[in-house]
A.B. asks: 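Have a look at this one before I ask anything.
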Amino acid sequence: MYNITFGGTGGSRCPKQNTARNRSQTPLRDQCLFSELANFQSDRPAKVHSGILANAWAENGQELHLDYDESSVEDNPVIKAWGVDSKGEEFERLIRVNEVDPRNASPAEMRALEAHLKKQGDSVIASSGMREWRVGEAMWGFDVNEKLDFMQFLNEGAQMALEPEKAARTRMDAERFLFHFLQNQGMRE
């Protein structure tokens with residue numbers, strides 16, 4: 001394990017959102033970009049664990065580390081998630097990958113799903129190339145454990161894309177995440 005330190009002592013990257021606006025009417029992408037979390041930079045060094053499924057962190061001090069739990073089996077993957085949330089509190093939880101609904105999931109859950117699909121060699125998620133708006137970017141403005149609609153989040157990002165290829169990849173990611181969930185829901189019924 002090693003540490004990464006992000007610069008800054010609380011400077012702002014974006015103008016503050018008008019807090020008088022109704023949050024539910026604001027697109028998720030804008031909520032992410034203009035939230036208090038997006039305007040906070042932490043001096044706390046982020047921990048990076050080698051040899052695990054994935055590490056993610058944001059300049060606001062949040063950390064997320066993912067690895068398969070010992071209870072994980074091929075047809076029911078379980079990922080242990082641990083790290084630091086937006087309040088600076090450490091957390092640890094188990095995520096059942098097949099139960100992650102991208103219409104109501106946290107950044108931790110979506111990163112677990114994304115990391116699992118990449119590890120499995122999923123042709124959509126593992127494909128190279130930049131996306132316009134990625135799952136990990138939700139940690140910029142939302143708590144790592146906060147539930148949101150990632151279908152909306154990703155599709156709003158795709159709508160803002162200047163390059164059609166990036167927009168298409170982002171939309172394909174959203175559709176693939178939903179397909180994985182629906183496919184596994186059908187297997188349980």
Side-chain angles (χ1 to χ4, degrees), residues 1-4 28 32 37 42 44-129 131 133-155 157 169-189:
M1 177 176 69
Y2 53 95
N3 295 327
I4 295 175
L28 288 174
C32 181
L37 290 178
S42 174
R44 190 180 62 73
K47 295 176 182 141
V48 179
H49 300 272
S50 58
I52 65 171
L53 187 59
N55 289 289
W57 54 89
E59 289 180 357
N60 59 28
Q62 294 190 94
E63 289 180 26
L64 175 62
H65 310 286
L66 303 166
D67 206 3
Y68 288 105
D69 186 66
E70 60 189 29
S71 66
S72 186
V73 292
E74 187 175 335
D75 63 339
N76 188 18
V78 179
I79 293 179
K80 182 171 103 173
W82 72 96
V84 178
D85 67 15
S86 64
K87 296 174 190 79
E89 308 267 330
E90 291 187 10
F91 70 90
E92 183 175 312
R93 61 187 282 221
L94 294 179
I95 298 170
R96 300 194 180 287
V97 174
N98 293 342
E99 296 174 10
V100 175
D101 182 351
R103 299 167 297 190
N104 184 34
S106 68
E109 292 168 330
M110 287 301 295
R111 285 289 290 149
L113 173 58
E114 179 182 57
H116 171 71
L117 292 175
K118 281 183 181 178
K119 179 78 172 177
Q120 299 303 309
D122 184 276
S123 61
V124 173
I125 303 301
S127 67
S128 62
R131 274 77 168 139
W133 201 248
R134 296 177 301 263
V135 167
E137 289 165 344
M139 285 176 54
W140 295 352
F142 297 102
D143 184 87
V144 70
N145 293 304
E146 180 179 350
K147 299 276 190 169
L148 60 135
D149 183 342
F150 270 88
M151 297 299 293
Q152 178 184 346
F153 180 76
L154 293 170
N155 283 311
R169 285 182 191 271
T170 302
R171 284 188 184 100
M172 283 177 54
D173 287 354
E175 290 171 12
R176 178 62 183 112
F177 293 136
L178 183 59
F179 178 77
H180 181 271
F181 172 72
L182 295 174
Q183 179 182 30
N184 285 291
Q185 287 299 106
M187 294 171 76
R188 276 187 263 180
E189 294 175 354

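Numbers for residues simply follow the sequence, beginning at 1. We use all heavy atoms of the structure for the numbers below, so side chains are in, but hydrogens, waters and symmetry mates are not.
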A.B. asks: Mind checking whether F142 and S86 have side chains closer than 4.5 Å, heavy atoms only?
C.D. replies: no

A.B. asks: Are side-chain heavy atoms of F177 and L117 found at a separation under 4.5 Å?
C.D. replies: yes

A.B. asks: P107 and M139: which non-hydrogen atoms are nearest, and at how many Å?
C.D. replies: CB-CG, 3.9 Å

A.B. asks: Shortest non-hydrogen contact from R103 to L182?
C.D. replies: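 Heavy-atom minimum between the residues: NH2-CD2, 4.2 Å.
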
A.B. asks: Considering all heavy atoms of both residues, which atom of A56 and which atom of R111 are nearest to each other, and what is their separation?
C.D. replies: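 Here A56 and R111 meet closest at CB-NE, 3.8 Å.
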
A.B. asks: Hey, could you give me the CZ/CD distance between R96 and E109, rounded to the nearest 0.5 Å?
C.D. replies: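 Rounded to the nearest 0.5 Å, the CZ-CD separation comes out at 12.0 Å.
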
A.B. asks: Start with the C-alpha distance between E175 and V124, add both sets of side-chain angles, then the distance that settles side-chain contact (heavy atoms from CB on, under 4.5 Å), and finish with yes or no.
C.D. replies: CA-CA 10 Å; E175 290 171 12; V124 173; over 6 Å; no

A.B. asks: State, yes or no, whether a side-chain contact exists between E99 and N184 at a heavy-atom distance under 4.5 Å.
C.D. replies: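 Contact flag for E99/N184 side chains = no.
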
A.B. asks: Look up atom CG in D149 and atom CG in N104, then write down how far apart they are to the nearest 0.5 Å.
C.D. replies: 8.0 Å

A.B. asks: Rounded to the nearest 0.5 Å, how far does CG of L154 lie from CD of E137?
C.D. replies: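 Atom-to-atom, E137:CD and L154:CG are 9.5 Å apart.
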
A.B. asks: Looking at CD of Q183 and CZ of R176, how far apart are the two atoms once the value is rounded to the nearest 0.5 Å?
C.D. replies: 6.5 Å

A.B. asks: Would you give the length of the straight line joining atom OG of S72 to atom NZ of K80, rounded to the nearest 0.5 angstrom?
C.D. replies: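 Interatomic distance, S72 OG to K80 NZ, rounded to 0.5 Å: 13.0 Å.
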
A.B. asks: Any side-chain heavy atom of H116 within less than 4.5 Å of one from L66?
C.D. replies: no

A.B. asks: Give me the atom names and distance for the closest heavy-atom approach of H65 to G83.
C.D. replies: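 Scanning both residues, the minimum pair turns out to be CD2-CA, 4.1 Å.
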
A.B. asks: Below 4.5 Å, heavy atoms only, C-beta onward: do V135 and F153 meet side chain to side chain?
C.D. replies: no

A.B. asks: Nearest heavy-atom pair of F91 and V84: which atoms, and what distance?
C.D. replies: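 Minimum heavy-atom contact is CE2-N, 3.5 Å.
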
A.B. asks: Compare all side-chain heavy atoms of D67 with those of W82 and state whether any distance is below 4.5 angstrom.
C.D. replies: yes

A.B. asks: May I ask you to test the D143-S106 pair for a side-chain heavy-atom distance under 4.5 Å?
C.D. replies: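 D143 vs S106: side chains apart.
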
A.B. asks: What pair of heavy atoms forms the shortest contact from A174 to N155, and how long is it?
C.D. replies: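 Result for this residue pair: CB-ND2, 4.3 Å.
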
A.B. asks: Let me see the working for D85 and K87 under salt bridge (Lys or Arg N to Asp or Glu O under 4.0 Å), right down to the final yes or no.
C.D. replies: CA-CA 5 Å; D85 67 15; K87 296 174 190 79; 5.1 Å; no

A.B. asks: Contact between P77 and N98 at the side-chain level, heavy atoms closer than 4.5 Å - yes or no?
C.D. replies: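 P77 vs N98: side chains touch.
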
A.B. asks: To the nearest 0.5 Å, tell me how far H180 NE2 sits from L178 CG.
C.D. replies: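 Taking NE2 in H180 and CG in L178, the distance rounds to 11.5 Å.
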
